[in-house]
K.L.:
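Can you keep this structure in mind? I'll have questions shortly.
The structure presented is a predicted model; accordingly, all values stated were derived computationally and were not measured.
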Amino acid sequence: MTTGPTAAAAPADRVNHGRVVVVSWIALSLIATPLVAIFIGPHIPPGNATAQGQGQTFDNQVMTTILTPLLCLLVVFFVYVLGESRATKGAALVDGPPIRGDSRIQVLWVAITSGIVLFLAGFGTYELLKDGAAGGQGPNPIAFPAHHNDAFEVQVIGQQWEFTYRYPSLGGAESSQLVLPANTDIAFHVTSLDVVHSFWAIELGVKADANPGVDNVAFAETRAPGTFHVRCAELCGLWHGYMFNNGRIVDSKTFQAWAKQAQADYAPIAKYVPKYAHTYLPDPQRRAG
């Protein structure tokens with residue numbers, strides 16, 4: 001006759017563990033989800049410097065809100081299992097109820113995950129096309145903002161290891177710091193003089209690869225004046241980590257004054273620089289223009 005805790009008969013378990021987990025999960029989700037959406041969601045990057053950045057913040061808020069109940073399910077499940085299935089000293093070792101092959105759980109899991117994926121695919125596509133993508137769309141964009149024909153053009157030229165900005169409406173004048181007028185549609189034309197770079201204006205919500213010989217177009221609609229950060233987001237050589245600076249969004253009056261000064265500073269060297277074009281051949285000194 002065999003004795004010992006491993007041979008003890010399993011006691012009848014009248015607790016519906018699945019129901020307890022589901023009810024606890026729903027209760028926690030109802031509390032946590034609105035808290036996350038209200039107090040954390042609005043502070044998710046990139047921010048409100050542009051209409052596209054504001055849209056991305058909203059998109060991230062939606063995805064975080066959807067993720068919160070899933071996280072709550074994991075927390076409830078693990079806490080419940082650790083609490084209910086913890087073996088005490090001398091107690092019988094009892095397996096929990098098997099769920100392998102349970103068609104109800106399988107169907108529920110496939111339905112929920114498929115629904116989330118399909119919703120996010122449709123939602124993401126709509127949001128991407130709604131206001132014109134702030135990511136590079138190549139030389140022939142398919143998603144345009146409403147007033148793209150009147151957009152203020154800025155060319156972003158990547159080179160080891162800095163960005164140069166040219167303004168065709170200012171006679172091709174260039175600057176080492178990106179300055180943009182507030183409340184204005186902007187069309188970025190991103191290219192490179194040497195290797196592959198990536199123009200990432202963080203708070204603007206703009207990111208576009210800078211490829212040699214390619215005009216990569218991205219759009220943004222600026223909001224109120226402020227400062228934003230620009231970084232290279234593509235490993236481009238030894239000093240890639242130092243390829244960053246700040247940009248500014250300024251009011252109309254300030255921009256007009258800055259533009260006048262930029263044209264005056266550019267005038268003495270204008271005859272030595274190539275005319276504005278969407279792409280350039282590499283210069284021996286790797287300078288734009």
Side-chain angles (χ1 to χ4, degrees), residues 45-53 134-136 151-195 197-210 215-234 236-237 239-270 272-280 283 285-289:
N48 301 320
T50 64
Q52 288 72 16
F152 179 74
E153 289 192 10
V154 177
Q155 185 174 54
V156 180
I157 306 170
Q159 54 200 304
Q160 293 174 316
W161 285 275
E162 63 181 328
F163 288 109
T164 299
Y165 309 99
R166 297 194 78 177
Y167 307 84
S169 62
L170 303 182
E174 63 178 52
S175 68
S176 58
Q177 183 187 49
L178 180 56
V179 180
L180 301 172
N183 303 307
T184 304
D185 286 299
I186 309 294
F188 293 101
H189 292 263
V190 184
T191 189
S192 171
L193 276 182
D194 38 50
V195 300
H197 303 275
S198 187
F199 170 66
W200 184 24
I202 300 172
E203 288 80 3
L204 302 187
V206 176
K207 185 178 182 297
D209 288 345
D215 177 32
N216 196 6
V217 182
F219 297 99
E221 180 187 348
T222 58
R223 297 300 199 197
T227 302
F228 56 89
H229 299 86
V230 176
R231 303 192 71 92
C232 178
E234 185 72 31
C236 58
W239 300 111
H240 160 72
Y242 293 91
M243 192 170 170
F244 65 89
N245 61 9
N246 294 334
R248 295 184 294 146
I249 299 174
V250 297
D251 60 66
S252 178
K253 183 178 180 180
T254 302
F255 183 80
Q256 293 299 327
W258 174 87
K260 184 177 181 180
Q261 184 62 50
Q263 289 176 292
D265 294 340
Y266 178 73
I269 63 169
Y272 300 108
V273 251
K275 294 181 183 285
Y276 176 83
H278 283 162
T279 60
Y280 307 92
D283 183 271
Q285 296 181 342
R286 298 181 182 242
R287 293 290 303 175

K.L.:
Using a 3.5 Å distance criterion without hydrogens, assess whether the side chain of Thr222 forms a donor-acceptor pair with backbone atoms of Thr184.
P.N.:
yes
K.L.:
Working to the nearest 0.5 angstrom, can you tell me the gap between Asn216 CG and Thr279 OG1?
P.N.:
12.5 Å
K.L.:
CG of Asp194 to SG of Cys236: how many Å apart, nearest 0.5 Å?
P.N.:
8.0 Å
K.L.:
Heavy atoms only: give me the nearest Thr254-Asp251 pair and the separation to one decimal.
P.N.:
N-OD1, 2.8 Å
K.L.:
Spell out, as yes or no, whether a donor-acceptor pair under 3.5 Å connects the side chain of Arg166 to the backbone of Gly172.
P.N.:
yes
K.L.:
Surrounding CH2 of Trp161 (heavy atoms of other residues, nucleotides or ligands, distance under 6.0 Å), is the total greater than 12?
P.N.:
yes
K.L.:
On a heavy-atom basis, which atom in Gly237 and which in Gln160 lie closest, and how many Å separate them?
P.N.:
CA-NE2, 4.3 Å
K.L.:
Do you know the tightest heavy-atom contact between His278 and Gln155?
P.N.:
O-NE2, 3.2 Å
K.L.:
Measure across Arg231 and Gly241 and return the closest heavy-atom pair with its distance rounded to 0.1 Å.
P.N.:
NH2-O, 3.8 Å
K.L.:
How close do Gln177 and Arg248 get, counting heavy atoms only, and between which atoms?
P.N.:
OE1-NE, 3.3 Å
K.L.:
Would you say the side-chain atoms of Gln159 and Thr164 include a donor-acceptor pair closer than 3.5 Å?
P.N.:
yes
K.L.:
Quick one, Tyr266 with Tyr167, criterion ring-ring contact (aromatic ring centres under 6.0 Å, His included). Give me CA distance, side-chain angles, the key distance, then yes/no.
P.N.:
CA-CA 11 Å; Tyr266 178 73; Tyr167 307 84; over 10 Å; no
K.L.:
Enter the distance from Glu234:CD to Phe199:CZ here, rounded to the nearest 0.5 Å.
P.N.:
15.0 Å
K.L.:
Determine whether a donor-acceptor pair (N or O, by modelled atom type, separation under 3.5 Å) exists between the side chain of Gln52 and the backbone of Leu204.
P.N.:
no
K.L.:
How close do Asn245 and Tyr165 get, counting heavy atoms only, and between which atoms?
P.N.:
OD1-OH, 3.8 Å
K.L.:
On the 0 to 90° scale, with breaks at 30° and 60°, tag the Phe255-Phe152 ring pair as parallel, tilted or perpendicular.
P.N.:
perpendicular
